[in-house]
Each structure stands twice: as C-alpha cells, then as structure tokens.
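Report on the following structure.
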Amino acid sequence: MKFGDVLYEKKDRVALLTLDDKAKLNALSAGIRQGLKEGFEEVEKNPDVKVAVITGAGKTFCAGADISGFSFEPVDIVNFLGDIFDALTIGEKVSKPVIAAVNGLALGGGLELAISCDIIIASEKAKFGVPEINLGLLPGFAIVRLHELIGRSKSKEMMMTGDPIPAEEALRLNLVSKIVPHENLLDEAMTMARKIAEKPAIAIRLAKSSVNRHIHGEEIVYASDSMPFLFATEDAKEGITAFLNKRKPEFKDR
Ligand code: COA
C-alpha cells in the first residue's frame, strides 16, 4: 500500500513505513508529508499494529525539508511550517512505539524525524547533520530538542557548523541506540519491533508517555513561531537560491 510518497507495509503486528522519493533523496516533499500523516493515522487507529518502523528508500534516510518547495510569501511560509512541523515530529505524537532505521544520510528534517522517534537504529553508513545554517536557516525542531539528547556544546557545534557526524559518533553521543551492518539494518529493526510487539501494549504505551512526559508542545510552538523571521532575512533568500542554483552562498548578515 502507498500513502503519498510513503510505502506502507504491515508485517505481522509491525507497520513498516518507507520514505520513497529517491530523486529528491526522500526530502520532506508534500507527497512525503502526506504519506507520513496518513501512514501514522493508520498506525494509530489500527489495533492490530503495535509498533512502527520508519526507513528511507535508496541510499538516503531523508535529506530534510524540500528546499525546492520553499516560498518567501509570509502566508505560504506559515502554512508550510505548520505542515512540516507536523511531519517531522510525528514520532513523538503517535502513541505507539516508533523505531527509526536510519539507512544513510539523515539531514535537517531527516535528523529531526529520526529524533522524534522512540528508538534509532543506524546503519554503519548513516550520517546525521543539521546543515540549515548553510541555507541561512536553522533546524526548527532540533533547536529545541537536539541539545536534550546530545548536550548543548555538540548540539550548537552541529547547528553552527552544519557539519554531519558519522554513525559511530552518533552512538557515542547517545543519539542512536545501536549501529548495525548496513545489510542487516531492516532485519535488526524488524526483530526489535517484533519483540516490542509481543509485550503488553498498555505498559509499552506508558513507557513512551512517561519518558516523553515533559514534552508539552510549547517549545514546538516557540520554534515554529520563530522560523518565519529567518525566512524573511536576505541571507535565507541567498542560501536557498544558491542551493537551488548549485552555487556557494554569499551571506551579507542581513
Ligand atoms: N530538498 C529538495 N531537493 C533536494 C534536497 C532537499 N533537501 N536535498 C537534495 N535534493 C535534490 C538535489 O537538488 C538533487 O536534485 P537534482 O538531481 O534535480 O539536481 C538531488 O536531490 C540529488 O542531490 P545532490 O545534491 O545532487 O546529491 P549529492 O550526493 O551531491 O549531495 C546532499 C547530497 C544531501 C549532501 C545535498 O543534496 C544537500 O546538501 N542537500 C540539502 C540538505 C539540507 O540542507 N537539508 C536541510 C533542508 S532545510
């Protein structure tokens, strides 16, 4: 079955969702956002689904927000931000456990989608980064969540340099649960998902909600509300235009 650009397969009591837009490196296009929304609605409402696994088709997990879909019109920016925040925080919102099986690059919204999940298993080929600074932007969800996971210093280093980190460093920073050989990634994720699916769902749900209990959503509203300001800067226009024209940006601090 397919929801938007997300493949949805039910395997026993586990739903496997695969981001599937290889031409754009599984960036969070309208089709991927729609697929995540509808796919996780199905996960939530189907009592026979106890755990979800999310991964990416091809070599990339997800290259972040779809830069080709950016607009500089205020109303478009506000609508776009609402939609994209819904997509990349989906792992926190669904009540059932979600495992991210990160098969390659997880950049920007891709890293954010992964950290919204409950458990991250990384292929040895995975890399994690928040390169938005190179576009004159910031990672809207990671600015409020990443430092909780890896500490302030590393989180700021990643946001300010835009440089990605390899899977081994992500493991050392506790960003991921474990690293597995690339070819075993899905098997390992599905094995863990099946193990969790055999446990009592009410206790599993409480394990998730109690660890996440401090997540009230105010910080998401703050993050989402602060982003339109950045989109209005000249540097964001320059960064985005430069990426789309495959050239280096020239920032003017305006
Ligand atoms: N949104 C839209 N399209 C994207 C994209 C994104 N976030 N990331 C990659 N693509 C597209 C590229 O434009 C390119 O399209 P084209 O073939 O029509 O030219 C295609 O995916 C392949 O990307 P390319 O840059 O040619 O591959 P690469 O292997 O040289 O580099 C990346 C891969 C991921 C390092 C590079 O694409 C990149 O930096 N992407 C942007 C990541 C980012 O800033 N994410 C945060 C967005 S807010």
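Values below: every heavy atom of this structure, side chains too, minus hydrogens, waters and symmetry copies. Atoms within each ligand, like the ligands themselves, are counted from 1 in listed order. Owing to the predicted nature of the structure, the values given are computational and were not obtained by experimental measurement.
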When you check the gap from the basic side-chain N to the acidic O, do Lys237 and Glu234 get nearer than 4.0 Å?
no

Quick one: are Ile204 and Pro97 in side-chain contact, heavy atoms under 4.5 Å?
yes

Atom NZ of residue position Lys93 - does it have more than 12 heavy atoms of other residues, nucleotides or ligands inside 6.0 Å?
yes

Write out each pair where an N or O from ligand 1 and one from the protein are under 3.5 Å apart, with the distance.
unit_1	atom_1	unit_2	atom_2	d
ligand 1	1 (N)	Ala65	O	3.3
ligand 1	1 (N)	Ile67	N	2.9
ligand 1	7 (N)	Ala63	O	3.1
ligand 1	7 (N)	Ala65	O	2.8
ligand 1	19 (O)	Lys246	NZ	2.7
ligand 1	21 (O)	Ala23	O	3.3
ligand 1	45 (N)	Ala63	O	2.9

Could you list the residues that satisfy side chain to side chain contact (heavy atoms under 4.5 Å, CB included) with Thr241, not counting sequence neighbours?
Asn245, Arg247

Between the main-chain N or O of Lys199 and the side-chain N or O of Lys50, is there a donor-acceptor pair closer than 3.5 Å?
yes

For Phe141 together with Phe85, are the ring centres under 6.0 Å from each other?
no

